[in-house]
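These notes are about the structure you will find just below.
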Amino acid sequence: MTSAQSTNRDSTLAPAYQSFLQQLAAIPPGRVCTYGVLAQLAGQARGARLIARWLSHLPADTRLPWHRVINARGQLSLDKNSDSGREQYQRLLAEGIIARNGRIDLAQVGWPRAYFTSL
DNA sequence: CAAATGACGGGGT
DNA sequence: AACCCCGCCATTT
């Protein structure tokens, strides 16, 4: 039983899931990616919601940087009053991703760079 | 099988 | 900025 199977019943998505795990693990500290871009990188061009789903199902003790994935509007999608929402905010704060104005500038900290430099 | 559900995205008001 | 609306798509109800 692979982790992909535990999250998906559709085996056709297994390759995409593996790619997703790789791309997620590759986001460096101090940078963030979006659900949509992560979906593209995993070969699911219109699968932003799928990425969100996969992230929400990661084991609670995962070492993967789930907190470095935010929405295309440069905001955190988790409820800021939830435990995980606060956790994500604190982690991003610690990585210096929250700008002085309190916002996240994707053009500056978006990853991979090629997807955000033209913003 | 139909309808609802998301850690979404793009466009419009 | 703050909403709203609709398209998206695997999964769940």
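Atoms considered below: every heavy atom in the structure, side chains included; atoms not considered: hydrogens, waters and symmetry mates. So that the names make sense, note that chain A is the first sequence line, chain B the second, and so on, each numbered from 1.
As a whole-Å value, the separation of A/Gln75 CD from C/dA2 C1' is 10 Å. To the nearest angstrom, P of C/dA10 lies 16 Å from CZ of A/Phe20. Here B/dA7 presents its P atom at 16 Å from CG of A/Leu24, a figure rounded to the nearest Å. Distance A/Leu55 CG to B/dG6 C1': 13 Å, rounded to the nearest Å. One atom, CG of A/Asn71, and another, P of B/dG9, lie 6 Å apart when rounded to the nearest Å. We find that CD1 of A/Ile70 is positioned 13 Å from C1' of B/dC8, with the value rounded to whole Å. The distance between atom CG of A/Leu76 and atom P of B/dG9, rounded to the nearest whole Å, is 13 Å. Rounding to whole angstrom units, CG of residue A/Asn101 and C1' of C/dA1 are separated by 14 Å.
Interatomic distance, CG of A/Asp105 versus CZ of A/Phe116, reported as 11.0 Å (0.5 Å rounding). A/Phe20 CZ to A/Leu50 CG: the interatomic distance, rounded to the nearest 0.5 Å, is 8.5 Å. Atom OG1 of A/Thr62 sits about 10.0 Å away from atom CH2 of A/Trp66, to the nearest 0.5 Å. Distance check: A/Leu92 CG to A/Glu87 CD gives 10.0 Å after rounding to the nearest 0.5 Å. Atoms SG and CD1, from A/Cys33 and A/Ile70 in turn, are 9.0 Å apart once rounded to the nearest 0.5 Å. Put simply, CG on A/Leu76 and OG on A/Ser82 are 10.0 Å apart, with the number rounded to the nearest 0.5 Å.
Atom CZ of A/Arg113 has more than 12 neighbouring heavy atoms from other residues, nucleotides or ligands inside a 6.0 Å radius.
Residue pairs that meet the side chain to side chain donor-acceptor pair (under 3.5 Å) test with at least one member in residues 26-48 of chain A, sequence neighbours left out, do not exist here.
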What protein N or O atoms touch nucleotides 10-13 of chain B N or O atoms at under 3.5 angstrom, if any, and at what distances?
{"residue": "B/dG10", "atom": "N7", "partner": "A/Arg73", "partner atom": "NH2", "Å": "2.8"}
{"residue": "B/dG10", "atom": "O6", "partner": "A/Arg73", "partner atom": "NH2", "Å": "2.8"}

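Side chain of A/Arg103, nearest nucleotide from C/dA1, C/dT11, C/dA10: C/dA1.
Looking at heavy-atom distances under 4.0 Å, A/Leu50 makes contact with sugar-phosphate atoms alone, never a base.
The stretch residues 27-49 of chain A touches DNA chain C through A/Arg46, A/Arg49, each having a heavy atom within less than 4.0 Å of the strand.
For the residue pair A/Glu95 and A/His67, a side-chain donor N or O sits within less than 3.5 Å of a side-chain acceptor on the partner.
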